[in-house]
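Everything on this sheet refers to the single structure shown next.
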Amino acid sequence: MSEEIHKEEVHKLEAQRRANRDAAAALGLNPYGSRVEGLIANAAARALHSDAADAEHSAHGKEPGFADPRAKARVAGRVTLLRDNGKLIWLQVRDATGDLQVAVSQRDCPSGFQLAKLSDLGDVIVAGGRVMKTKTGEVTIWADEVLPGAKSLTPPPAKHEGLHDVEIRYRQRYVDLWANPETLQVFELRSRIVARVRRLLEQRGYLEVETPMLQTLAGGAAARPFVTHMNALDIKLFMRIAPELYLKRLLVGGMPKVFEINRNFRNEGLDKQHNPEFTMLEAYHAFGDVETVMELTESLVRDAAMEVSGGKGVLPFGDLTIDYNKPFRRVAYGELFEKAYGFPMTDAGKSRETLKKMRPNLAAAIDAMDPSLLVNELFEEKGEAQLDHAVPTFITDYPAAISPLTRPKPSNPMLADRADLFIAGMEIAPHYTELNDPDVQEAKFREQLKGLDEGKNAEEQTFRTFDHDFIRALKVGMPPAGGMGLGIDRLVMILTNQRTIRDVMLFPMMRPEE
RNA sequence: GAGGGCGUAGCUCAGUCGGUAGAGCAGCGGCCUUUUAAGCCGUAGGUCCGGGGUUCGAGUCCCCGCGCCCUCACCA
């Protein structure tokens, strides 16, 4: 590409920045910087300020042989404000810990002053000098050095507005992160939440493992997988939809407590709570049951809430104030059902009538429907709505008929040993007493496959397959176990008060540009 | 998948009834050594998302398309 053609296409604002960059280079400075020793964060530099040292400097600064007691600091960041007063330039420099003012005086720092004159908003610079306070009380580095970090050829978003355009925020997260400090804060919290979850699991003796993300069969959940191909073996592969069946194999092998925090991939729609790749914690506890893992989840969520709230355990989510200190509420599925409809879910006749009234055009289909399925239709319509969104709540005792991969309750085989945690109306974690009888599991697999012959499309046929190796593993003998799955993205949403999953994912799925 | 909203300067946004394209910030030139959304003087900047149509005339009205957002539906 010829230089002239290239220049013709360059936006005027970029051309001006290129000219400033080249002028800095002409001063003998590398506009893209190099290694710098002794950098500290802006927050740390700010903390070095001392009023006493300032006072001593103003009292005796002009005396010969004066030893300046003010701390020195060297910081680096983006230029977010730039006020040129002629022979004194004020800069605001932003790093991950916040903004800090830097003053560059022509008299006190002639070489840095030359560079400051050539700086543009958005440039990365390094500044060092004494930490002092201006007469208006702003902690400031009075520069004795200014060095280039990286030239920004791109004009930044409006300095006080920040970047509003959500599409640019997601597509160019690198701009969003520095231009909108709230964005960086969410992802710092996310990192701390995940670290805290991991630490608690380790403290409780869970071993962190990594199981295949590329699988020859995509099992462990009912979802459409992404399909890919492996050249070396010339085989079809699936991106995993869940790690469940591999983690259970590890229980068979004798690992007593395992967990994995990693990505799942589901080839389904996108909305405020769904992204095609998302992060899931799954944990399994041999010789535990649904109660064991409910207690685990409650501890994990409370612990993470403490981390985010600075120990208070109370956090806002939209209009709600959610208190994580109290024991999470537990409500039986049947209880919510009865509260919503005024009759027990065992009353199949009334259930059928009620559903027909709600969906008069589907009356024929409803007549043919299995009672437990129509109960669940009704439940999803009004049952979950009975929950208080401000109170973290486990829904327990799901009907066994809608929980095919869960053990029935020993005390009542119509109910399943399953509980789902809801916070703010969002389902964030299911819990199960896991099935470990190979014959029962095999029968469930066959039942799932059978349903496919009627009505389901060919695409679904291709990925609903029978996992023979998993049955083989269960035949070796898997201890009884409790298992749970926690949607990390949704947990982060709730704890950081973000309304959409995209705001807690650094690079959410977007349609490609052009 | 259905419905609705949005797309205008680098950024944030106005744009009335269809009548020559606007502001603030950023930029450029000038002045200024304690500014705080610095100030003052001057100045430049547009594929109005793309394509077609109606009209004497379209940012504005109509049609098609693209992207994003919202609501609903689908989805263990």
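If you're wondering where the values come from, they're calculated on a predicted model, not measured in any experiment. Labels below follow one simple rule: chain letters A, B, ... track the order of the sequence lines, proteins then strands, and each chain is numbered from 1. What you see below is based on every heavy atom in this structure, not just the backbone, and it leaves out hydrogens, waters and symmetry mates.
With sequence neighbours excluded, the residues forming a salt bridge (charged side-chain N to carboxylate O under 4.0 Å, His left out) with A:D176 are A:R169, A:R173, listed by chain and number. Under the side-chain contact (heavy atoms from CB on, under 4.5 Å) criterion, A:E182 pairs with A:N180, sequence neighbours left out. Taking the side-chain contact (heavy atoms from CB on, under 4.5 Å) definition, one finds that A:L373 meets it with A:M369, A:D370, A:I402, sequence neighbours left out. Residues passing the ring pair (Phe, Tyr, Trp, His ring centres under 6.0 Å) test with A:Y246: none are found, sequence neighbours excluded. Here A:L336 pairs with A:V331, A:F379, A:Q386, A:L387, A:I395 under the side-chain contact (heavy atoms from CB on, under 4.5 Å) rule; sequence neighbours left out. For A:H389, the side chain to side chain donor-acceptor pair (under 3.5 Å) test picks out no residue, with sequence neighbours left out. Applying the side-chain contact (heavy atoms from CB on, under 4.5 Å) rule to A:R502 yields the partners A:Y170, A:T500, A:P508; only residues at least two apart in sequence or on another chain are considered.
At a cut-off of 3.5 Å, with distance as the only test, a side-chain donor of A:Y333 or A:N376 sits close to an acceptor on the other residue.
Counting atom types as modelled, A:Q101 pairs a side-chain N or O with a base atom of B:rU35 as donor and acceptor under 3.5 Å. In the interface, the side chain of A:D120 is not paired with the base of B:rA26 through any donor and acceptor atom under 3.5 Å apart.
Sorted by first then second residue, the salt bridge (Lys or Arg N to Asp or Glu O under 4.0 Å) pairs that include residues 77-93 of chain A, not counting sequence neighbours, are A:D84-A:K117. Under the salt bridge (Lys or Arg N to Asp or Glu O under 4.0 Å) criterion, the residue pairs touching residues 95-115 of chain A are A:R94-A:D99, with sequence neighbours excluded.
Nearest to the side-chain atoms of A:E138 among the listed nucleotides B:rU33, B:rC68, B:rU35 stands B:rU35. Of the candidates B:rU33, B:rU35, B:rG27, the closest approach to any side-chain atom of A:T134 belongs to B:rU35. Side-chain proximity of A:M132 to B:rU34, B:rA26, B:rU33: nearest is B:rU34. The side chain of A:R511 lies closest to B:rG67, out of B:rG67, B:rU35, B:rA37.
Rounded to whole Å, the C1' atom of B:rU60 lies 10 Å from the corresponding atom of B:rC17. Taking atom P in both B:rC61 and B:rG19, the straight-line distance is 11 Å, to the nearest Å. Distance check on atom C1': B:rC13 versus B:rU35 gives 28 Å, rounded to whole Å. Comparing the P positions of B:rA21 and B:rG50 gives an interatomic distance of 16 Å, to the nearest angstrom.
Shown for residues 419-431 of chain A: no residue has heavy atoms falling under 4.0 angstrom of RNA chain B.
Look at OH on A:Y333: it is 13 Å from C1' on B:rA76, rounded to the nearest Å. In this entry the distance linking CG of A:D271 with C1' of B:rG1 reads 14 Å, nearest Å. Distance, A:Q92 CD to B:rA26 P: 13 Å, rounded to whole Å. If you measure from atom CG of A:L270 to atom P of B:rG67, you get 13 Å, rounded to the nearest angstrom. In this structure, the CD atom of A:E282 is 17 Å from the P atom of B:rA76, given to the nearest Å.
The partner of B:rG19 is B:rC56, judged by Watson-Crick or G-U wobble contacts that both fall below 3.5 Å. B:rC6 and B:rG67 make up a base pair, with Watson-Crick or G-U wobble contacts both under 3.5 Å. The partner of B:rC28 is B:rG42, by the rule that a Watson-Crick or G-U pair needs both atom distances under 3.5 Å. Nucleotide B:rU35 is matched to nothing when pairs are restricted to Watson-Crick or G-U wobble geometry with both distances under 3.5 angstrom.
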Enumerate the protein-to-nucleotides 29-31 of chain B contacts in which both atoms are nitrogen or oxygen and the separation is below 3.5 Å.
none

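Nearest-nucleotide mapping onto RNA chain B: of A:G220 and A:K272, the residue sitting toward the 5' end is A:K272. Comparing A:L81 and A:W142 by the nucleotide of RNA chain B whose heavy atom lies nearest to each, the residue mapping closer to the 5' end is A:W142.
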One character per nucleotide, please: for nucleotides 6-15 of chain B, 5' to 3', B when the base has a protein heavy atom closer than 4.0 Å, S when only the sugar-phosphate does, - otherwise. ----BBSS--
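A:R418 comes within 4.0 angstrom of nothing in the nucleic acid, heavy atoms only. Counting any heavy atom pair closer than 4.0 Å across all strands shown, A:K159 reaches sugar-phosphate atoms only and no base atom. Residue-level contact check: A:T500 touches the backbone only, with heavy atoms under 4.0 Å from sugar-phosphate atoms and none from bases. At a threshold of 4.0 angstrom between heavy atoms, the contacts of A:R169 with the nucleic acid are absent. Within 4.0 Å (heavy atoms only), A:R83 reaches at least one base atom of the nucleic acid. A:N376 comes within 4.0 angstrom of nothing in the nucleic acid, heavy atoms only. Using a 4.0 Å heavy-atom distance criterion, A:R266 is classed as making no nucleic acid contact.
Between A:F470 and A:F445, the two ring planes are perpendicular [angle over 60°; tilted spans 30° to 60°].
For the pair A:R418 and A:Y432, the NZ or CZ position fails the cation-pi test of under 6.0 Å to the six-membered ring centre and within 45 degrees of the ring normal.
In this structure a side-chain-to-backbone donor-acceptor pair under 3.5 Å is present from A:R249 to A:L245. Of the possible polar contacts, one joining the A:T134 side chain to the A:E138 backbone as a donor-acceptor pair under 3.5 Å is found.
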